[in-house]
Amino acid sequence: MQAISAKDAKYNFGRLIDMARAGPVTVEKHGRAVVVVLAVEEYERLKAMEAGQNDQSGK
């Protein structure tokens, strides 16, 4: 997973978007990971997987 500082993410938002389209990006503040940015397609895939797991656990 790629990482970028919060400052770089702020000043290079377009680059962050491009990076996130290629794969999840960790945004770090003071050297510590605080958030992960990912493409909407990946988010939707993860949500669908989560929904599928919830459906199975309810049976």
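Nothing fancy with the numbering, it's 1 onward along the sequence.
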- Query: Are any of the side-chain heavy atoms of E28 and T26 separated by less than 4.5 Å?
  - Reply: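 Yes. Closest side-chain heavy atoms under 4.5 Å.
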- Query: Does any non-hydrogen side-chain atom of L38 lie less than 4.5 Å from one of L46?
  - Reply: yes
Given the rule that I, L, V, M, F, W and Y join up when any side-chain heavy atoms are under 4.5 Å apart, are [X] and [Y] in one cluster?
| X | Y | result |
| --- | --- | --- |
| I4 | V34 | yes |
| F13 | V25 | yes |
| I17 | V36 | no |
| V27 | M1 | no |

- Task: Evaluate the salt bridge (Lys or Arg N to Asp or Glu O under 4.0 Å) criterion for residues E44 and K47: first the C-alpha distance (whole Å), next the side-chain angles of each, then the deciding distance (0.1 Å), finally the verdict.
- Result: CA-CA 5 Å; E44 290 171 349; K47 291 298 287 182; over 6 Å; no
- Message: Can you give me the closest heavy-atom contact between V37 and A20, atom names plus distance?
- Response: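 Heavy atoms of V37 and A20 come nearest at CG1-CB, 3.7 Å.
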- Item | R45 with E42: basic N within carboxylate O range, under 4.0 Å | yes
